[in-house]
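Position 1 is the first residue of the sequence; numbering continues from there.
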Amino acid sequence: SEMAIRILKVNAAGDTVQWVTPGLRKFGTEIGLFQRKNAYIEGITYKDSGKFILCAEREPRGILEVNTTIDPVSVSAYKMDDTKFRMKANVKTDFTGLYYFNDELYALGRNSFSICKLEFDGTTYRETMGWSFRSTELSDKFEYCNMKYGRAEGLTIDHKYFYIILDNNNDSLANNPDDRRPFLFVFERPTS
């Protein structure tokens with residue numbers, strides 16, 4: 001839950017729900033996260049054995065590691081506003097999705113039009129390898145009327161592909177005002 005800043009478990013039938021964690025706000029605010037309204041938890045990924053990684057969206061962005069196998073729940077929070085990716089002027093870094101795959105953490109940067117690996121260096125998380133989809137999202141074929149900010153909101157990964165879903169907020173395509181569909185981009189994963 002972005003607004004509650006908690007993890008909620010919903011069973012497969014959708015008829016049973018329960019909070020998995022207490023509120024996580026204090027863990028983020030202690031290091032300066034969650035300073036802007038509607039800029040709280042934007043992505044979540046399951047690591048293993050009751051361990052989750054969440055991302056704080058923006059201003060500043062950050063990572064929260066949550067271990068639900070410990071009572072009380074263990075939380076470590078890290079602020080990471082710096083990026084190696086090119087940003088438009090007056091646009092802030094952000095995280096809008098996370099995915100944990102093959103023991104590696106990947107993050108989606110909406111405003112940097114990028115996917116990057118995040119590695120823990122013993123103190124905090126840092127961007128390492130990264131891939132840009134800027135030229136695709138901003139191409140004439142896929143550009144929406146309002147592109148002040150990027151649109152990428154969801155990320156998943158398998159052995160062959162990166163999958164990125166765009167949230168167009170019902171905006172229309174710049175080249176077709178009648179087309180308000182979101183896009184799912186499927187990119188082949190680089191070999192290195």
Side chains of Asp82 and Thr93: closer than 4.5 Å at any heavy-atom pair?
no
Indicate yes or no: at least one non-hydrogen side-chain atom of Ile41 is less than 4.5 angstrom from one of Ser1.
no
How far apart are the closest heavy atoms of Phe183 and Lys141, and which atoms are they?
CZ-O, 4.3 Å
May I have all residue pairs that pass salt bridge (Lys or Arg N to Asp or Glu O under 4.0 Å) and include part of residues 120-132, sequence neighbours excluded?
Arg61-Glu127, Asp121-Arg126
Check ring pair (Phe, Tyr, Trp, His ring centres under 6.0 Å) between Phe133 and all other residues, then give those that pass, not counting sequence neighbours.
none
Considering non-hydrogen atoms only, spot the tightest contact between Arg151 and Tyr144 and give its length.
CG-CD1, 4.0 Å
Are Ile115 and Met129 linked, directly or through other ILVMFWY residues, by side chains that come within less than 4.5 angstrom of each other?
yes
Can you sort out the partners of Phe120 under ring pair (Phe, Tyr, Trp, His ring centres under 6.0 Å), two or more places apart, ordered by chain and number?
Tyr78, Tyr125
Residue pair Leu155 / Ala107: nearest heavy atoms and the distance that separates them:
CD2-C, 4.2 Å
Residues in side-chain hydrogen bond (donor to acceptor under 3.5 Å, both in side chains) contact with Glu153, at least two apart in sequence or another chain:
Arg110
Note: Gly130 and Phe85 closest approach over all heavy atoms is CA-CZ, 3.6 Å
Just verifying a value: how many Å separate Leu105 CG and Tyr99 OH, rounded to the nearest 0.5 Å?
12.0 Å
Which heavy-atom pair separates Cys55 from Leu98 by the least distance, and what is that distance?
N-CD1, 3.5 Å
Compare all side-chain heavy atoms of Pro190 with those of Phe162 and state whether any distance is below 4.5 angstrom.
yes
Within the 3.5 Å criterion, strictly below it, is a donor on Asp94 or Asn111 matched to an acceptor on the partner's side chain?
yes
Looking at side-chain heavy atoms only, is the closest gap between Glu42 and Phe95 below 4.5 Å?
no
Considering all heavy atoms of both residues, which atom of Phe34 and which atom of Ala56 are nearest to each other, and what is their separation?
CE2-CB, 3.7 Å
Indicate yes or no: does Asp158 engage Lys160 in a salt bridge with an N to O separation below 4.0 Å.
no
Pairs satisfying side-chain hydrogen bond (donor to acceptor under 3.5 Å, both in side chains), at least one member in residues 21-37, at least two apart:
none
To the nearest 0.5 Å, how far apart are OH in Tyr161 and CD in Glu188?
5.5 Å
Within the 4.5 Å heavy-atom criterion, are Phe185 and Glu137 side-chain neighbours or not?
yes
Going from CD on Glu65 to CG on Leu54, what distance comes out if it is rounded to the nearest 0.5 angstrom?
10.5 Å
Within this structure, what is the OG-CZ distance for the pair Ser114 and Arg86, rounded to the nearest 0.5 Å?
11.0 Å
Restricting to ring pair (Phe, Tyr, Trp, His ring centres under 6.0 Å), what partner residues turn up for Phe101, sequence neighbours left out?
His159
